[in-house]
Amino acid sequence: MSTEVGQDRPLAQHKGVVRESTPGGVHLPVEGELPSIEGATAWLNSQPLTAVGLRGKVVLVQFWTYTCINWLRTLPYVRAWAEKYKDQGLVVIGAHSPEFAFEKQLENVRRAAREMGIDYPIAIDNDYGVWRAFDNHYWPALYFVDAQGRIRHHQFGEGEYDQSERIIQQLLGEAGIAAISHELVSIEGGGAEAAADWGSLKSPENYLGYERTDNFDSPGGVAFDKRHVYEAAPRLRLNHWALSGHWTIERQAAVLNKANGRIEYQFHARDLNLVVGPGARGTSVRFHVLIDGQSPGPAHGVDVDYEGGGTVTDQRMYQLIRQPKPIADRHFEIEFLDSDVEAFVFTFG
């Protein structure tokens, strides 16, 4: 979950069983009016919507950016709520406020939405007009709006899914929708959408651009915005990383200038993800990953094969490792076999 702006593949499976929520409402104070959403620069899956035009509807606004792992793990729930309650007066709006420059490209957002099964309205917030109107600070963030256009609740970050659905049910009831089911959706996220293994997670996200990186251990440190031959560190401590090969570390990303460059990372988590993309649209970059010096085998992520091979084809988050228990400190390496790749941030789960 991040607080800076402009300057976190297989779909979830729905279980057949449901859990009963507790009938009866809770006090939801008025936090303000639904602000203007007309700052959106474009819309997907819908004609442009307005706050005035949404009066009479219960509205759920979620701020997201498609490479954010924290948002991605909430998506199975938001997608399920949008489908379950759409005929009862709920309108879900995904306000896509980009973190990285490539997330401003409409075709990238359109592709991500298609692959992730998002068919509810998306407000493209490239200028952060909607973000600022809400005075928002987080990905992901949910705002719950009643049929009178008043914000009645918010949820920042992951979790509290049962409470969130109960609030949707309560606001629909207040709007006069009869026979609201008190059943709750039951979700088992798959692939990168699976809930984090919080008990084993000891590695925070870390950016590879110099603006926000931590714990870079290649000898000599960062050569800012300069083509440079980096060397691996003799030994990495937990949550430290290093480069080897011919790279340029830019403000937002580490860019590989020549083939066979490596990134090494010492981490402690079930999942290791990397936001990465080819430097030029329509190109691809082959890579190979190792964990503790070996092919990942059963610890491979959804974007890697058993032997550790994979290909970067789009600018997105790639799940590279999902290790089975026991979870322990691991040494991760990725070698890019082709040049012109941009690596942005490691995330974990």
Side-chain angles (χ1 to χ4, degrees), residues 5-9 41-42 44 64-69 72 96-116 118 122 124-127 192 205-213 216 218 222-230 241-265 272-289 301-305 308-320 332-347:
V5 155
Q7 318 228 165
D8 111 338
R9 309 331 120 167
T41 56
L44 298 177
W64 66 296
T65 188
Y66 78 83
T67 62
C68 175
I69 185 59
L72 187 57
H96 187 270
S97 304
E99 179 171 19
F100 300 112
F102 66 81
E103 291 177 301
K104 293 185 176 183
Q105 297 176 22
L106 188 61
E107 187 52 41
N108 282 347
V109 183
R110 182 181 285 112
R111 172 188 52 77
R114 181 177 62 250
E115 292 178 354
M116 296 173 181
I118 300 171
I122 298 172
I124 301 299
D125 192 29
N126 282 355
D127 294 337
E205 69 179 9
N206 197 1
Y207 293 81
L208 304 188
Y210 60 73
E211 182 178 58
R212 285 190 282 173
T213 194
F216 180 63
S218 283
V222 174
F224 297 92
D225 291 314
K226 295 180 180 179
R227 297 166 68 95
H228 184 73
V229 177
Y230 288 93
W241 68 286
L243 296 174
S244 59
H246 202 294
W247 295 82
T248 300
I249 300 182
E250 300 179 349
R251 184 176 66 86
Q252 284 200 334
V255 180
L256 181 61
N257 302 311
K258 295 183 179 180
N260 304 115
R262 287 178 175 246
I263 308 174
E264 301 181 43
Y265 207 107
L272 179 147
N273 314 300
L274 179 61
V275 176
V276 64
R281 182 178 294 276
T283 62
S284 61
V285 177
R286 298 164 299 150
F287 64 81
H288 187 261
V289 305
V302 296
D303 293 301
V304 178
D305 64 27
T311 304
V312 174
T313 55
D314 300 300
Q315 294 165 313
R316 63 173 176 89
M317 190 201 80
Y318 290 75
Q319 186 194 80
L320 303 178
F332 169 82
E333 300 172 66
I334 181 168
E335 180 179 8
F336 295 100
L337 307 180
D338 305 294
S339 63
D340 198 20
V341 70
E342 300 172 333
F344 293 87
V345 59
F346 280 101
T347 60

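Because only heavy atoms are used, hydrogens play no part in the values below, and waters and symmetry mates are left out as well, while side chains stay in. Numbering starts at 1 and runs along the sequence shown. Since this is a predicted model, take the numbers as computed values, not measurements.
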task = With side chain to side chain contact (heavy atoms under 4.5 Å, CB included) as the test, would you mind laying out the steps for M116 and L72 before giving the verdict?
result = CA-CA 9 Å; M116 296 173 181; L72 187 57; 4.1 Å; yes
query = Judged by atom type as modelled, is there a donor-acceptor pair below 3.5 Å linking the side chain of N273 to the main-chain atoms of M317?
reply = no
message = Is the shortest side-chain heavy-atom distance between L337 and V285 below 4.5 Å?
response = no
task = Identify the two heavy atoms, one from V276 and one from A343, that lie closest to each other, and give their separation to 0.1 Å.
result = CG2-CA, 4.0 Å
key: Side-chain touch L274/L208, heavy atoms, less than 4.5 angstrom   = yes
note = d(L320 CG, L272 CG) to nearest 0.5 Å is 6.0 Å
task = Measure from the side-chain N and O atoms of N206 to the backbone N and O of F346, and report whether any donor-acceptor pair falls under 3.5 Å.
result = no
query = Side-chain contact, heavy-atom cut-off 4.5 Å: Y210 with R251?
reply = yes
task = Could you tell me whether the side chain of T248 and the main chain of V255 form a donor-acceptor pair under 3.5 Å?
result = no
task = Return the minimal non-hydrogen interatomic distance between A242 and F216, and the atom names on each side.
result = CA-CE1, 4.0 Å
query = Relative to each other, are the rings of Y66 and H96 parallel, tilted or perpendicular (30° and 60° limits)?
reply = parallel
Side-chain donor or acceptor of Q319 paired with backbone N/O of G301 under 3.5 Å = no
query = Under 4.5 Å between any side-chain heavy atoms of Y318 and T313, yes or no?
reply = yes
message = Within the structure provided, determine whether R281 and N108 are in side-chain contact (heavy-atom separation under 4.5 Å).
response = yes
CA sep, side-chain torsions, deciding dist, call: E342, Q315, side chain to side chain contact (heavy atoms under 4.5 Å, CB included) = CA-CA 9 Å; E342 300 172 333; Q315 294 165 313; 4.0 Å; yes
request  = Name the orientation class of the two ring planes belonging to F336 and F287 (parallel below 30°, tilted from 30 to 60°, perpendicular beyond 60°).
outcome  = perpendicular
message = What's the separation between atom NZ in K104 and atom CG in D127, rounded to the nearest 0.5 Å?
response = 7.0 Å
Spatial distance of atom OG (S284) from atom CG (D314) [nearest 0.5 Å] = 10.0 Å
ask   = So F102 and F100, would you call those rings parallel, tilted or perpendicular, with 30° and 60° as cut-offs?
value = parallel
message = I want to check something: taking the side chain as every heavy atom from C-beta on, are D338 and V312 in contact at a cut-off of under 4.5 Å?
response = no
inquiry  = Checking E99 against T67 for the side-chain hydrogen bond (donor to acceptor under 3.5 Å, both in side chains) test, could you report, in this order, the C-alpha distance in whole Å, the side-chain angles of both residues, the deciding distance, and whether it holds?
reply    = CA-CA 8 Å; E99 179 171 19; T67 62; 4.9 Å; no
key: Backbone of Y207 reached by a side-chain donor or acceptor of T213 within 3.5 Å   = yes
message = Nearest 0.5 Å, please: how far is CD in E103 from CZ in R316?
response = 13.0 Å
Atom pair CG (D125) and OG1 (T41), whose distance is rounded to the nearest 0.5 Å = 7.0 Å
message = Let me confirm one number: the CZ-NZ distance from R227 to K258, rounded to the nearest 0.5 Å.
response = 7.0 Å
ask   = S218 side chain to L243 main-chain N or O, any donor-acceptor pair under 3.5 Å?
value = yes
